[in-house]
Novice: 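The structure follows.
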Amino acid sequence: MRLEVEVLAGAEEIGRRAAQLVADELAAGRLRTLGVATGSSPAPVYTSLAAPGGPGGGGPGEDGPGWDGVEVFALDEYVGLPPGHPQSYAAVIDREVRAPLGLDPRRVHVPDGAAADLDAACAEYERALEERGGVDVQLLGIGATGHIGFNEPGSPFSSRTRVVALAERTVADNARFFATAEEVPRRAVTQGIATIARARRHVLIARGAGKADAVRAALEGEVSPACPASALRTFQDVLVLLDPAAASRLSGRTVSRRSAADVR
Ligand code: F6R
C-alpha cells in the first residue's frame with residue numbers, strides 16, 4: 001500500500017497536480033472510470049483538466065487523450081432537493097465536470113436523491129458501479145467532521161451506498177452554497193466507505209485551516225470510524241494534496257513537501 005502526502009502552495013498547484021495524475025492515467029489507457037467529488041476542494045482539478053492545453057487535453061474539440069469511453073461516478077447526492085436544483089450534485093457535476101470535459105451525459109452517474117424508493121436507488125448505484133468494474137481514480141474532499149463522501153463519524157468501514165443524515169457541522173459548512181441554512185438538506189445518499197475503498201487510486205484534497213484538525217485526525221490519529229477519512233490509511237494507493245493551512249497541524253513526519261516548481 002502507498003500513501004503519499006504533498007503540501008503545495010495553493011488551489012491552482014493542487015488542481016494541476018491532481019489533473020496531471022488523472023491525465024497520466026488517461027494517457028496510459030488506465031482510466032475507464034473517474035470518481036468525482038463536489039464542493040470547493042476538487043473544483044480546481046476540473047478547471048485544470050478542461051483548460052485548453054491543460055493536462056486533460058482541454059474540453060470538446062481539443063487535442064489530447066480522449067475522454068471517449070470514460071465514465072464518471074459521483075460520490076453522493078443530497079436527498080430532498082427538487083430535481084434540477086442548481087445545488088443538487090447532479091447539477092454541480094453537470095456544470096463543473098460534464099460540460100467542460102464534453103462528456104456524454106449518459107456516461108455520468110450520480111446517486112438518485114429524489115427516488116421514491118431511496119434504498120432501491122442505493123442498491124442500483126452499487127450495482128452500476130459493480131457492473132462497471134469499479135473506479136480507477138477517485139477524487140475526494142474531506143469534511144471538517146472527517147467525512148469522506150457523506151460518511152460522517154461513526155460510519156462503518158464496511159458501509160455501502162445508503163441514505164445518511166448529515167452532521168450539523170456539515171449542514172453549517174455547506175450553507176454557503178444556499179441562500180439560507182434552512183435550505184440545506186439534512187440527508188444525503190452517499191457511497192459507503194467500503195464502496196469508496198474499492199477504487200484503485202484515491203486523491204484526497206484539503207485546503208484551508210478549517211480542515212487542519214480533520215486532516216491531522218485522518219493521517220495521524222487512530223484509524224477508526226470516529227474519523228471516516230482515516231480509512232484512507234487502509235486503501236491501496238492514496239495521494240493526499242494539501243495547502244499549507246490544511247497541513248498546519250500535522251507533525252510533519254508523514255509529509256513530503258513539494259514546491260510548486262515541481263508540479264507540471
Ligand atoms: C462532496 C463530498 C464531501 C466534500 C467535503 C468537502 O461530494 O463528498 O465529502 O468533499 O464535504 O467539501 P469542500 O471541498 O466544499 O470543503
Side-chain angles (χ1 to χ4, degrees), residues 10-12 14-15 18 34-47 72-79 81 85-98 108-113 122 125 129 135 137-155 159-178 181 184-193 195-197 199 202-215 217-218 225 227-232 235 238-243 245-247:
E12 205 180 306
I14 290 173
L34 177 66
V36 295
T38 46
S40 308
S41 305
V45 186
Y46 308 137
T47 305
V72 168
F73 280 78
L75 281 171
D76 40 24
E77 175 61 288
Y78 289 120
V79 169
L81 287 181
H85 189 288
Q87 290 308 327
S88 72
Y89 283 176
V92 174
I93 298 289
D94 192 67
R95 271 196 312 272
E96 297 187 0
V97 182
R98 191 208 59 75
V108 179
H109 310 267
V110 180
D112 185 356
C122 293
Y125 203 67
L129 270 165
V135 167
V137 177
Q138 177 67 59
L139 301 173
L140 295 168
I142 180 172
T145 61
H147 71 218
I148 50 173
F150 276 136
N151 295 282
E152 298 288 11
S155 298
S159 52
R160 296 281 178 182
T161 303
R162 67 205 187 288
V163 180
V164 294
L166 300 181
E168 274 310 311
R169 172 72 195 262
T170 300
V171 171
D173 286 347
N174 287 3
R176 70 191 192 280
F177 296 112
F178 293 83
V184 186
R186 266 46 184 179
R187 292 193 305 156
V189 170
T190 185
Q191 288 187 31
I193 306 269
T195 317
I196 295 170
H202 296 84
V203 180
L204 178 113
I205 295 170
R207 290 188 282 119
K211 301 291 175 68
D213 284 332
V215 166
C227 178
S230 67
L232 284 170
F235 296 178
V238 181
L239 175 63
V240 179
L241 300 175
L242 306 173
D243 71 0

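Remember, predicted model here, so these are calculated numbers, not experimental data. Remember, it's 1-based here, ligands and their atoms both numbered in the order they're listed.
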Novice: Suppose I only count heavy atoms of Leu75 and a 4.0 Å limit; which atoms of ligand 1 are within that range?
Specialist: 8 (O)
Novice: Would you say that Leu139 contacts Val45 through its side chain, given a criterion of any heavy-atom pair below 4.5 Å between the two side chains?
Specialist: yes
Novice: List the closest protein heavy-atom neighbour of atom 1 (C) of ligand 1: residue, atom name, distance to the nearest 0.1 Å.
Specialist: Thr38 OG1, 3.2 Å
Novice: Which residue supplies the protein heavy atom nearest to atom 11 (O) of ligand 1, what is that atom called, and how far is it?
Specialist: His147 NE2, 2.6 Å
Novice: Grab the two heavy atoms, one from Leu166 and one from Pro185, that are nearest each other, plus how far apart they are.
Specialist: CD1-O, 3.3 Å
Novice: Name the closest protein heavy atom to atom 6 (C) of ligand 1, giving the residue it belongs to and the distance to 0.1 Å.
Specialist: Ile142 O, 3.4 Å
Novice: Hey, is the main chain of Asn151 close enough, under 3.5 Å, to the side chain of Gln191 for a donor-acceptor pair?
Specialist: no
Novice: If you draw a 6.0 Å radius around CZ in Arg160, do more than 12 non-hydrogen atoms from other residues or ligands fall strictly inside?
Specialist: yes
Novice: Where does the angle between the aromatic ring planes of Phe150 and Tyr89 fall among parallel (under 30°), tilted (30 to 60°) and perpendicular (over 60°)?
Specialist: parallel
Novice: With Arg169, which residues qualify under side chain to side chain donor-acceptor pair (under 3.5 Å), at least two apart?
Specialist: Asp173
Novice: Please write down residue, atom name and distance for the protein heavy atom closest to atom 14 (O) of ligand 1.
Specialist: Ser41 OG, 2.5 Å
Novice: In terms of ring plane angle, is the pair Phe73 and His109 parallel, tilted or perpendicular, where the classes change at 30° and 60°?
Specialist: parallel
Novice: Return all side-chain donor-acceptor pairs below 3.5 angstrom for residues 37-44, not counting sequence neighbours, or 'none' if the list is empty.
Specialist:
residue : atom : partner : partner atom : Å
Ser40   : OG   : Arg176  : NH2          : 2.6

Novice: At under 4.0 Å between heavy atoms, is it the side chain or the backbone of Asn174 that contacts ligand 1, or both, or neither?
Specialist: neither
Novice: Cut-off 3.5 Å, side chains only: do His147 and Glu152 have a donor facing an acceptor?
Specialist: yes
Novice: I want to know if ligand 1 touches Gly149 in the polar sense, i.e. an N/O pair below 3.5 angstrom.
Specialist: yes
Novice: Using a 3.5 Å cut-off on N or O atoms only, is Tyr89 in polar contact with ligand 1?
Specialist: no
Novice: Show the atoms of ligand 1 that are less than 4.0 angstrom away from any heavy atom in Asp76.
Specialist: 1 (C), 2 (C), 7 (O), 8 (O)
Novice: Under 4.0 Å, counting heavy atoms only: does Lys211 come that close to any atom of ligand 1?
Specialist: yes
Novice: Heavy-atom contacts with Gly39 under 4.0 Å: which atoms of ligand 1 show up? List them by number with element.
Specialist: 14 (O), 15 (O)
Novice: Taking distance alone, with N or O pairs closer than 3.5 Å, would you say Arg176 contacts ligand 1?
Specialist: yes
Novice: Below 4.0 angstrom from a heavy atom of Ser40, which ligand 1 atoms are there? Numbered from 1 as shown, please.
Specialist: 13 (P), 14 (O), 15 (O)
Novice: How far is atom 10 (O) of ligand 1 from its nearest protein heavy atom, and which residue and atom name does that atom have?
Specialist: Gly141 CA, 3.3 Å
